[in-house]
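To keep things clear, I will list the structure first and then write my remarks on it.
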Amino acid sequence: LLMMFAQFRRAQLRIGRVWTRGGDSLMLLWAVIVLLWMGLSFRSLLAPSAVGSLYGWLGETDKARAALTTAIATFPSDPTAYYSRGVIELRTFAPTRAIADFTEAIKRESANADAYLMRAAAYTSLGDTAAANDDISRCLELQPTWRDRVERTIADAGRTRGHTSK
């Protein structure tokens with residue numbers, strides 16, 4: 001996902017400004033085209049949380065949060081919407097809200113290694129190493145090959161420790 005985001009961001013920086021002069025609708029259309037070109041399935045773009053995720057990838061955190069909140073209200077059993085909103089909350093230095101969203105995603109999909117990893121990052125940014133270690137252990141049980149990814153994610157979260165906004 002991070003690789004896809006990096007590719008999308010590079011493409012957006014190259015030619016995105018020309019396409020986005022028409023506003024949000026053209027920006028979203030451009031994002032969908034690029035994501036389809038990068039191999040994301042059209043079916044996944046139809047998911048209720050897709051618009052919020054697209055706004056998140058574009059850096060429009062307020063719009064992403066609003067779209068994902070609507071997706072959660074409409075489809076409360078969708079773990080992807082909770083996970084995506086948790087990522088937005090963590091990115092905007094709101095780890096307490098991120099933890100709540102990742103916990104909801106885990107309740108709905110207990111084998112969600114990404115949610116465990118990101119919740120561990122949120123706990124790390126709050127300085128709660130015991131809770132972070134529990135989630136890291138569970139993440140590695142689910143995805144034993146993610147050791148390097150876990151180390152990078154937790155190291156990044158450790159650098160943001162104390163930078164909470166909410």
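Worth knowing before you read on, the calculation uses all heavy atoms, side chains too, and leaves out hydrogens, waters and symmetry mates.
- Ile154 and Ala121 make their closest contact through CD1-N, 3.8 Å (heavy atoms, listed as atom of the first residue, atom of the second, distance).
- In this structure, the separation between SG on Cys139 and CG on Asn112 is 9.5 Å, given to the nearest 0.5 Å.
- The side-chain heavy atoms of Met118 and Thr153, taken from C-beta on, include a pair separated by under 4.5 Å.
- Here the CG atom belonging to Leu117 is positioned 9.0 Å from the CG atom belonging to Asp135, to the nearest 0.5 angstrom.
- Within the structure, every pair that satisfies the ring pair (Phe, Tyr, Trp, His ring centres under 6.0 Å) test and touches residues 95-132, not counting sequence neighbours, is listed here: Tyr83-Phe102.
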Working for side-chain contact (heavy atoms from CB on, under 4.5 Å), residues Leu68 and Asp101 = CA-CA 11 Å; Leu68 290 165; Asp101 282 336; over 6 Å; no
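- Atoms CZ and CG, on Arg85 and Leu90 in that order, are 14.0 Å from each other to the nearest 0.5 Å.
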Could you check Arg65 against Glu89 for side-chain contact (heavy atoms from CB on, under 4.5 Å), going step by step and ending with a plain yes or no?
-> CA-CA 8 Å; Arg65 187 180 292 115; Glu89 300 298 358; 3.0 Å; yes
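- In this structure, CD1 on Ile88 lies 11.5 Å from CZ on Arg97, to the nearest 0.5 angstrom.
- Ala105 and Pro79 get closest at one heavy-atom pair: CB-O, 3.6 Å.
- Looking at residues two or more places apart in sequence or on another chain, you find no salt bridge (charged side-chain N to carboxylate O under 4.0 Å, His left out) involving Asp148.
- Judged by distance alone, the side chain of Ser125 and the main-chain N or O of Ala122 form a donor-acceptor pair under 3.5 Å.
- In this structure, Thr129 OG1 and Ile136 CD1 are separated by 9.5 Å, a value rounded to the nearest 0.5 Å.
- With sequence neighbours excluded, the residues that form a side-chain contact (heavy atoms from CB on, under 4.5 Å) with Ala111 are Leu142.
- With sequence neighbours excluded, no residue forms a side chain to side chain donor-acceptor pair (under 3.5 Å) with Thr70.
- Under the salt bridge (Lys or Arg N to Asp or Glu O under 4.0 Å) test applied with Asp114, the options Arg138, Arg119, Arg149 reduce to a single match, Arg149.
- Checked against salt bridge (charged side-chain N to carboxylate O under 4.0 Å, His left out), Glu151 has no partners two or more places apart in sequence or in another chain.
- Remark: Glu104 pairs with Lys107, Arg108 by the salt bridge (charged side-chain N to carboxylate O under 4.0 Å, His left out) rule, at least two apart or across chains.
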